[in-house]
There are 2 protein chains.
Amino acid sequence: MNLPPLIQTFVLHFGEMGSRWGINRTVGQIYALLYLSREPLNAEDIVERLGVSRSNVSMGLKELQSWNLVRLQHKPGDRRDYFSTPDDIWQIVRTLVEERKKREIDPTLTLLREVLMQESTNSEERHAQVRMREMHDLFELLTDWYADMQHLETERLVQLLKLGTKVQKILDVKDRLFPTSGAKNRRSSGKDK
Amino acid sequence: MNLPPLIQTFVLHFGEMGSRWGINRTVGQIYALLYLSREPLNAEDIVERLGVSRSNVSMGLKELQSWNLVRLQHKPGDRRDYFSTPDDIWQIVRTLVEERKKREIDPTLTLLREVLMQESTNSEERHAQVRMREMHDLFELLTDWYADMQHLETERLVQLLKLGTKVQKILDVKDRLFPTSGAKNRRSSGKDK
DNA sequence: CCGATATTTCAGAAAATACTGAAATTACGG
DNA sequence: CCGTAATTTCAGTATTTTCTGAAATATCGG
């Protein structure tokens, strides 16, 4: 591995971290390298810097492309493929969340819906269905919220995050001033279990 | 594997899903089984239902305990260990987020802080540090927001989630009514890059 | 303390995953 | 088209992870 120490530290960390996600070490390292790099890199650059085989890099890049985490581009008069990550880190977050949702939440929601359609035949299954219903409703709440947030422009999203739970206080005030408005969502939850 | 079909479907799905997280198939299956089960199960119960070895279950349970995802309890006059998941699914979410933060975000934040302390020796490293700074600030924003949310009681948390971006609209109104209040957080971001 | 039961540890087997080098395919300039 | 450069595929190997059975350890009632 042929990298300035500061960059190497980060790349190695991301490689290890990769295992805790579903991605392998090399993919994590390639991503870290691209994330830190000022200009786009081609496969051969990556081979040199990480010291892994050309084919491994090829597979890693394919994986990252399937996650939409890297952008492919070309330089004039050079027919090699160059890769980079978005400059805007919030774009990266959005992609990451979107892809994980697609791979982990959506299939599970589908399965839950299917299983919840079935007729249970005994009380054990009936209880299981209750639990699955709870999970289903949770996932649905979270994905609805996410869909909402997804539409927000970054500036506003950051505002909201910085506000944190102060929002809550503002809503309390609002509720006291206009007790009826918004009640459909904010007060009907007494029996939400 | 010896389970009612409806439960088996869910357990198998969770087993596969486990791989996309950092946990292995058996751990995923054990967790799914406990989650659906009406009453706590002991290790032998799990062995019978999943058809895996006793030692595998032992390791799986240890793993789940290290994640704080299962609770160990005892029945009077029975010295076997019984395991269950919390009844409250929101408690499960909180634990999950907390543990993942502990394992993934916190170590990365630590590393980023360390690397950001170092003096960079050339422009490549300098650019890398800018990128790491962006990631650091992002993680910090998210963990601060999370710390805030963590304190909220579930009822209120759900209210906020259901509200989604409608919050935004309320804030707009508030801003128009009291243009100065809260401006520190909500208006200073023009140069946030 | 003893014996019975429960749990954990651990070395090795089995399975899954990652990685490589070589060959095949693709893409492009001339 | 042809030749060259770039990329992908893939079969085999290496590595890592998971899983098992057996042995070791712990726990408890008597």
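Naming convention: chains lettered A, B, ... in sequence-line order (proteins, then strands); numbering from 1 in each chain.
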Round to a whole Å and report the spacing from CG of L61(A) to C1' of dC19(C).
15 Å
Whether N24(A) contacts dC19(C) is assessed here as follows: a side-chain N or O lying under 4.0 Å from the phosphate OP1 or OP2. Is that the case?
yes
If I take atom OH from residue Y146(B) and atom CG from residue L161(A), how far apart are they, to the nearest 0.5 angstrom?
15.0 Å
Check the phosphate of dA18(C) against N56(A), side-chain N and O only, distance under 4.0 Å to OP1 or OP2. Yes or no?
no
Protein-nucleotide distance (E63(A), atom CD; dT17(C), atom C1'), rounded to Å
12 Å
Atom CG of L50(A) and atom P of dT20(C): how far apart are they, to the nearest Å?
10 Å
dA6(D) phosphate, OP1 or OP2: any side-chain N/O from R79(A) under 4.0 angstrom?
no
Rounded distance (Å) that lies between atom C1' of dT26(C) and atom CZ of R80(A)
17 Å
T26(B) side-chain N/O to dC19(D) phosphate OP1/OP2 under 4.0 Å
yes
Both M59(B) and Y82(B) contact DNA chain C. Which one's nearest nucleotide lies toward the 5' end?
Y82(B)
Could you give the CD1-to-P distance, from I23(B) to dT18(D), as a whole number of Å?
10 Å
For N42(B), which contact category applies under a 4.0 Å heavy-atom criterion: base, sugar-phosphate, or nothing?
nothing
Identify which nucleotide among dG21(C), dT7(D), dT9(C) has an atom closest to any side-chain atom of S55(B), counting heavy atoms from C-beta outward.
dT9(C)
Should V11(A) and M59(A) be counted in the same cluster of Ile, Leu, Val, Met, Phe, Trp and Tyr side chains packed under 4.5 Å apart?
no
L64(A) CG to dT7(D) P: how many Å, rounded?
15 Å
Could you give the CG-to-P distance, from D81(B) to dT25(D), as a whole number of Å?
19 Å
Is any side-chain N or O of S58(A) closer than 4.0 Å to OP1 or OP2 of dT8(D)?
yes
I want to check one thing: is the phosphate of dC19(D), taken as OP1 and OP2, less than 4.0 Å away from some side-chain N or O of R25(B)?
yes
Kindly point out which of dC19(C), dT8(C), dG21(D) is positioned nearest to the side chain of S53(A)?
dC19(C)
Round to the nearest Å and state the distance from H74(A) atom NE2 to dC28(C) atom C1'.
11 Å
Is the side chain of Q29(A) donor-acceptor paired with the backbone N or O of G18(A) at a distance under 3.5 Å, no angle test?
no
Salt bridge between R94(A) and E98(A), side-chain N to carboxylate O under 4.0 Å?
no
With a cut-off of less than 4.0 Å, is there a side-chain N or O of K62(A) near OP1 or OP2 of dT7(D)?
no
Out of N42(A), L41(A), N56(A), L34(A), which one pairs with L61(A) under the side-chain contact (heavy atoms from CB on, under 4.5 Å) rule?
L34(A)
